[in-house]
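First up is the structure itself, then whatever we jot down about it.
Only heavy atoms go into these numbers, but all of them, side chains included; no hydrogens, no water, no symmetry mates. Predicted model only: the values in this text are computed from it and were never measured.
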Amino acid sequence: MLRQQDVGHRIVVRRIVGIREGRPLFSDALGELVELSETHLTIATTQGRIEVPVAEVHRAKRVPPARRPTAAAVAALELAADEAWPAPTRARLGDWLLRSADGWTGRANSALPVGDPDRPLPAALDAVERWYAGLGQPALVNTPLPLAAPVGAELDARGWTSRPPVLVQTVPLAALPPAAPEPAGSPPVELATAPSEGWLAIAAGRKGGLPDAARHVLTAVDQVRFAEVYADNRLVAVGRGTVTGAGRWLGLSLIEVLPEARRQGLARRVIHALAGWGAAAGATDAFLQVEQRNTGAVALYRTLGFTTHHTYLTRVAPG
């Protein structure tokens, strides 16, 4: 049976639609799982959305994506994401990237094994371990899948563990649903070229502190905007947008709404505001990265048309 971790993935469901001569009649539905509750599941199919009562489900399972992205497409998106989240300390191992930001976020403190490391794989991973040891940091490797599957297999053999899977999701900006009309008197979404102290405080709360390296990660992008929404003179929602990848990709990150302001559509409004800016800057597609276990966020992004392009695992060296 399906679990919350399957939200955002492609599934097939066989449902009971009737009884004939004492035998059940079945119908199959194929699409992306949008929502899963105790009573029903919602699937986005090519013919539109359907809701299936759980009581009618005979069998359901996750299935592979209709089309896997090419290795070149995964590599290009990973490099655009690296541009959007730039670590201040960097080195190269052939085509591989080595990144450090004083331990702030896994993305900015992991090796990115995209391309040819210019040496055999075991020697490349030995070099990764030495580089991070020289910085006094644990060695991390960000493995986009299926592109870095051989790297993952070697790390398995070495006893490396994995952090929770992360979905890299995308949507063409032209396919975003229109923004809902704003209620009269609703606070506007403000976009700035630099983060305010209030914006940084929310980011610090979410990410567990904000060292100097973090400020570099957040601001050292040529095209970047910081979204803010105020209610009663208090900052209640934030977000960050970047345009990278030769101008193609709008990267969305740190979309955050304070608990007392949730369920008011603020996250959607922040995303639409950043999407409008990104489109005006020439971007044609948007991407974001979200932990698979964050089912609430995955469900929100699915309603905006985001689908999973690929996944990645952050691998952690033993000890």
Side-chain angles (χ1 to χ4, degrees), residues 9 62 64-65 67-170 213-214 216-217 220-221 244-246 248-249 251 253 287-293 308-319:
H9 290 272
R62 191 191 297 190
R67 291 180 296 172
R68 290 185 180 273
T70 65
V74 173
L77 182 47
E78 284 293 324
L79 293 175
D82 173 70
E83 289 179 54
W85 202 253
T89 302
R90 306 168 68 86
R92 282 196 171 271
L93 193 68
D95 294 329
W96 287 16
L97 297 175
L98 308 179
R99 308 172 292 186
S100 173
D102 295 341
W104 193 73
T105 76
R107 277 182 283 170
N109 290 274
S110 57
L112 181 60
V114 170
D116 183 358
D118 222 11
R119 65 206 71 194
L121 180 55
L125 293 174
D126 290 342
V128 168
E129 292 179 346
R130 288 194 300 270
W131 192 79
Y132 284 102
L135 295 175
Q137 290 184 218
L140 304 177
V141 175
N142 184 332
T143 55
L145 300 173
L147 179 64
V151 176
E154 177 66 22
L155 295 176
D156 287 340
R158 294 177 178 227
W160 287 47
T161 57
S162 299
R163 291 181 179 173
V166 173
L167 310 179
V168 182
Q169 299 199 311
T170 63
H216 182 280
V217 171
V221 183
T244 60
R248 173 184 175 182
W249 289 104
S253 59
F287 78 90
L288 53 82
Q289 297 163 319
V290 58
E291 283 195 2
Q292 179 175 287
R293 64 184 178 181
T308 299
H309 185 272
H310 65 277
T311 63
Y312 73 75
L313 294 174
T314 298
R315 306 298 304 270
V316 183

> What's the shortest heavy-atom distance between Leu140 and Gly106, and which atoms?
Replying inline: CD1-CA, 4.3 Å
> When you measure from the side chain of Arg107 to the backbone N and O of Thr314, does any donor-acceptor pair fall under 3.5 Å?
Replying inline: no
> Nearest heavy-atom pair of Thr308 and Gln169: which atoms, and what distance?
Replying inline: OG1-NE2, 3.0 Å
>> So Leu97 and Leu79, do their side chains get closer than 4.5 Å, heavy atoms only?
In response: yes
> Roughly how far, to the nearest 0.5 Å, is the CG atom of Leu155 from the CG atom of Leu313?
Replying inline: 10.0 Å
>> Can you classify the ring geometry of Trp249 versus Phe287 as parallel (below 30°), tilted (30 to 60°) or perpendicular (above 60°)?
In response: perpendicular
> Which distance, rounded to the nearest 0.5 Å, do you find between the CG of Asp95 and the CG of Asp116?
Replying inline: 6.0 Å
> Is a side-chain donor or acceptor of Asn109 paired with a backbone partner of Ala101 at a separation under 3.5 angstrom?
Replying inline: yes
>> Does any part of the side chain of Leu93, heavy atoms only, come nearer than 4.5 Å to the side chain of Arg119, both counted from C-beta?
In response: yes
> Is there a donor-acceptor contact under 3.5 Å from the side chain of His216 to the main chain of Pro86?
Replying inline: yes
> Do we get Arg315 above Trp160's six-membered ring, with its NZ or CZ under 6.0 Å from the centre and within 45° of the axis?
Replying inline: no
> If you look at every heavy atom in Gly115 and Pro117, which pair is closest and at what distance?
Replying inline: O-CD, 3.6 Å
>> Would the distance check show the side chain of Tyr132 and the main-chain N or O of Arg99 forming a donor-acceptor pair, the cut-off being under 3.5 Å?
In response: yes
> Does the side chain of Val316 reach to within under 4.5 Å of the side chain of Arg163, using non-hydrogen atoms?
Replying inline: yes
> Quick one: NE2 on His309 to CG on Leu167, what's the gap to the nearest 0.5 Å?
Replying inline: 13.0 Å
> So, Asp82 side chain and Glu78 main chain: donor-acceptor pair closer than 3.5 Å or not?
Replying inline: no
> Taking it one step at a time, do Thr311 and Gln292 satisfy side-chain hydrogen bond (donor to acceptor under 3.5 Å, both in side chains)?
Replying inline: CA-CA 9 Å; Thr311 63; Gln292 179 175 287; over 6 Å; no
> When rounded to the nearest 0.5 angstrom, what is the spacing between CG in Asp156 and CZ in Arg158?
Replying inline: 11.5 Å
>> Just so I know, are the side chains of Leu125 and Glu154 near enough to count as touching, which here means a heavy-atom distance under 4.5 Å?
In response: yes
> From Trp131 CH2 over to Thr89 OG1, what is the distance, rounded to the nearest 0.5 angstrom?
Replying inline: 6.5 Å
>> Distance check, rounded to the nearest 0.5 Å: Thr170 atom OG1 versus Gln289 atom CD?
In response: 11.5 Å
>> Quick check: closest heavy atoms across Gly94 and Asp118, and the distance to 0.1 Å?
In response: CA-CB, 3.9 Å
> Does the pair Trp85 and Ser253 meet the rule for a side-chain hydrogen bond (donor to acceptor under 3.5 Å, both in side chains), with working shown?
Replying inline: CA-CA 9 Å; Trp85 202 253; Ser253 59; over 6 Å; no
>> Could you report the tightest heavy-atom contact between Ala213 and Pro88, atom names first, then the distance?
In response: CB-CG, 3.8 Å
> At their closest point, which heavy atom of Ala87 faces which heavy atom of Val217, and how far apart are they?
Replying inline: CA-CG2, 4.3 Å
